[in-house]
Amino acid sequence: MPKEPIRDIPEKPPCEPRDETRNRPQENLAETANPAAVQQVEAQQVEAQQATAPQAAIEFRPWWVSLVAGPLSILAAGTLVIVGLGVAQRAGWISAGGGDGGPAVHTVAADSNTRYICPMMCTPPQTEPGRCPVCAMELVASTSGGGGDGTSIEVSSASRRVAGIQTVTVKSVPLVRKIRTIGEISYDEGTLTTISAYVDGRIDGLYADYTGVVVKEGDHLALLYSPEIYSAEVELIESRKMLRQSNGTSLTRVVQSQQNLYDGARQKLLELGMTPTQLEKLERSGKAAFRMHLCAPQSGTVIEKLAEKGEYVKTGQPIYRLADLSTIWLMLELFPEDAAVIRYGQKVTAQVQSLPGKQFIGRVAFIDPVVNPKTRTVGVRVVFSNDRGMLRIGDFARASIEVAITPSGDALELVYDPDLAGKWISPRHPHVIASSPGACPVCGIELVPAEQFGFVRQPTEHGGSLVVPRNAVLMAGESSVLYVETEPGRFEVRKVLLGPCSNEQAVILEGVQEGEQVAVQGNFLLDSQMQLAGNPSLIDPTRLVESDEKGLDQETLAKIEAALATLTPDDRALVEQQRICPVTEMPLGSMGTPIKVDVLGLPVFICCQGCQQRLQDDPPKYLANLQETDSPSGESEDPDETEAIAAAMAQLAPEDRRLAEAQKICPVTEMPLGSMGTPIKVDVRGQPVFICCEGCRESLLAEAVKYLARLSKEAIR
């Protein structure tokens, strides 16, 4: 067998070395392979290490790094964006808002006029930042200038549309005040009747044997057995016989005696409950009976059955209670202020929940003169006709009473009611109305003209009341304000005095005039902007300046009046004629009782003792101010006065002069410091404050918060 040729065994490829070659030193590998193969293997190993390096790094990274790294990177990016926007806005590259995209309500104010307000509204707006002198809170910049006059705010047409601000016109209309309440239907107490036993006896029959039976006058209700009735009937029959027999004799005295016996027996039976009809029937028959029918004395409904058949009753024991439901009462409870404006005979409209859509008309029959001490209400009774029996006792009804009011909110003294015009009315039953005089069919009292209760024959003309929708009025406690559009886009806050509210309207007694436009929608937005601007608003309407023709607020006027009241009549007449102090040009009395001094032989009044020396040093200069009362104080730019101020300031120590120049004005008189001599330093709660003269010291110490608010924050630091 021929031997197969020996084949050459191929060498293992250099790219797949055995494990042992993989661990050999590099020099050994170089000995077993050619240089080209070695370079190729090294290149492949480098590429494999570079490809697996990131994956190995990921495999060896802790798990919490992946969890935290993502959110931190997002937060860092957001912070960089916000910081970038802030830097851009401060640099002026972008603005906080512009065009119509800005705030809905705004006022135009320059940066130099920015005012700072206390978040608690303790003090008026300040011109410098700092802290509130009352509550020590940090002052914040107001968002608007408040319209420039402190009582109004301006709104552009575009912003007005965005804010949805709407206005209505103040109208003057005859107003009717509607009083609403809830009451309970009750029996008419004048129609209640109790049927009781007139004699002792036994009830042998009950014809109205259940509650709710409707009976008519004269119907039989029960059958009563009584020996006493039988004896009274026998007595009547016998006396009647004796009377007939005595009529044939000539003895008048005997006839009269028998007549008296007959009349007495007849009256006795009537007192025992026998009706005249039953009495006539007994006389015709001439036969006495032990039983007698009890008859209904009036028509009505049995509301209580108090006895049973076969029951023995005593004299006076009740058997039935009847009520005439043709008329019912509605018992109302009104607040005293509502009860004060209604009257007897007033028309009342009621609705019962069980009869939707139906209205019942009644009239006020009684107004309780006493206020309930527990509920603090006044009871009012209204009588309704119930001929059809639709109203049920114990049901509740919603009642409304309309009262015509005057422009001042009071009820009219004379009222026109078409149903009572020229009619006669019962003083006890207002539902009894007649066209001519006569007697009341219910109580028998004479009818009286309706005019006695304030109902006139013809309609009366009375002035209208100023009314606005109720949602136009912003109320907080005892304060009420409106926002009046005095000019297109300019809304002014007004403190108003409210009258009574009726339906959806409110009566305005003071604060607006007919024809003015008031905001009914968006007024809360207007008020919030006024608050942020530090202006008078609903939260503090006391800042509204209630001015007279002299431009003085009510507080100052009251202070002046109290000061002038201490003068003699002659001096007061002179003060009222002079009006102002010739030195400070402030109203006389605003700093206490005016002081009378003699100047060139003339009596002149000054506001305080501090003005006397300046007046006597230069009388012509200051007396000339009395001829120019229209010029505001502190506006003079007289060079001589400027030099005098500089000379007065020079008298101060350097540190005091620096403080006085920073303060600039006296907080009481608001005159330039130095205009009345060397300023006087006063310690106010540890704070040095300068005043123009000694006369201002008492006022400053008495109302420190008020006067310090007039100074800038830089001046009182």
Side-chain angles (χ1 to χ4, degrees), residues 100 102-108 121 143-180 400 402-409 463-546:
D100 293 341
V105 181
H106 61 86
T107 55
V108 179
M121 304 295 179
T143 58
S144 65
D149 57 1
T151 61
S152 63
I153 195 167
E154 297 178 0
V155 184
S156 66
S157 57
S159 299
R160 181 173 183 165
R161 290 193 299 270
V162 174
I165 300 175
Q166 297 182 8
T167 60
V168 297
T169 305
V170 180
K171 298 180 180 179
S172 177
V173 297
L175 191 63
V176 175
R177 177 182 175 187
K178 181 172 287 188
I179 302 172
R180 293 186 175 92
S400 62
E402 294 185 351
V403 180
I405 60 176
T406 63
S408 61
S465 302
L466 294 179
V467 297
V468 297
R470 295 184 66 174
N471 58 349
V473 185
L474 302 182
M475 293 178 286
E478 297 181 356
S479 301
S480 301
V481 298
L482 288 172
Y483 279 90
V484 182
E485 188 176 15
T486 56
E487 299 175 2
R490 181 180 181 273
F491 290 88
E492 177 182 305
V493 62
R494 297 271 187 90
K495 187 176 181 181
V496 296
L497 178 61
L498 280 183
C501 295
S502 176
N503 297 334
E504 299 299 324
Q505 293 181 323
V507 177
I508 306 298
L509 303 181
E510 295 179 6
V512 295
Q513 297 180 357
E514 183 180 1
E516 289 187 316
Q517 298 290 323
V518 297
V520 293
Q521 290 188 13
N523 43 2
F524 276 104
L525 179 60
L526 295 173
D527 191 76
S528 65
Q529 292 298 313
M530 289 289 284
Q531 293 179 27
L532 294 177
N535 292 337
S537 60
L538 178 63
I539 194 173
D540 189 8
T542 58
R543 296 181 182 178
L544 284 173
V545 180
E546 301 174 359

Please give me the minimum heavy-atom distance between [X] and [Y], naming the atom from each residue.
X	Y	value
Leu482	Ala472	CD2-O, 2.9 Å
Val176	Glu402	CG1-CB, 3.5 Å
Ser480	Leu498	OG-CD1, 3.5 Å
Asn471	Asn523	O-ND2, 3.0 Å
Ser172	Leu466	CB-CD2, 3.9 Å
Val520	Val168	CG1-CG2, 3.4 Å

**Fill in**
CZ (Arg161) and CD (Gln166) are apart, to the nearest 0.5 Å, by 13.5 Å

**Request:** Using a 4.5 Å cut-off on heavy atoms from C-beta on, say whether the side chain of Ile165 contacts that of Phe491.
**Result:** yes

**Request:** Please name all residues satisfying side-chain contact (heavy atoms from CB on, under 4.5 Å) with Thr486, sequence neighbours left out, ordered by chain then number.
**Result:** Val484, Arg490, Glu492, Arg494

**Fill in**
Those residues at least two apart in sequence (or on a different chain) that pass side-chain contact (heavy atoms from CB on, under 4.5 Å) with Gln517 are Thr167, Thr169, Glu485

